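Each remark here refers to the structure printed beneath this line.
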Amino acid sequence: MTLLETDLDDVPAPQGKLTLKLLASRQDTNLYGDIPGGWLVNQMDQAAELAAGREAGGRTATVAIEAMDF
């Protein structure tokens, strides 16, 4: 077994279904080239809306986000 194989075994694999996949563009970044937290939360909310809408079979709304750590 190589060192690389051992390192890969320790990396957790994603679980669940992919809901939304996108790439941030240069215009989505701030002056320093970073992605603002608000942009990221907006994308997360859209993904949650898509998943909840599929499950509910209709329209949904985000009521609250209790905490978010970056």
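These numbers come from a predicted model, not from an experiment.
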So do L40 and F70 actually touch side chain to side chain, heavy atoms under 4.5 Å?
yes
For the atom pair CZ (R54) and NZ (K17), what is the distance rounded to the nearest 0.5 Å?
7.5 Å
Heavy-atom nearest pair, Q46 first then L20, reads CB-CD2, 4.3 Å
Validation row: M44, M68 side chains within 4.5 angstrom (heavy atoms):
yes
I need the D45 CG to L50 CG distance, nearest 0.5 Å.
10.0 Å
Does one hydrophobic cluster hold both L22 and I35, with members joined at side-chain heavy-atom distances below 4.5 Å?
yes
T60 vs E55 side-chain heavy atoms within contact, under 4.5 Å:
no
I65 to V41 - nearest heavy-atom pair and separation:
CD1-CG1, 4.0 Å
To check you understand the geometry: which heavy-atom pair defines the closest contact between T29 and P36, and what is its length?
CA-CD, 4.4 Å
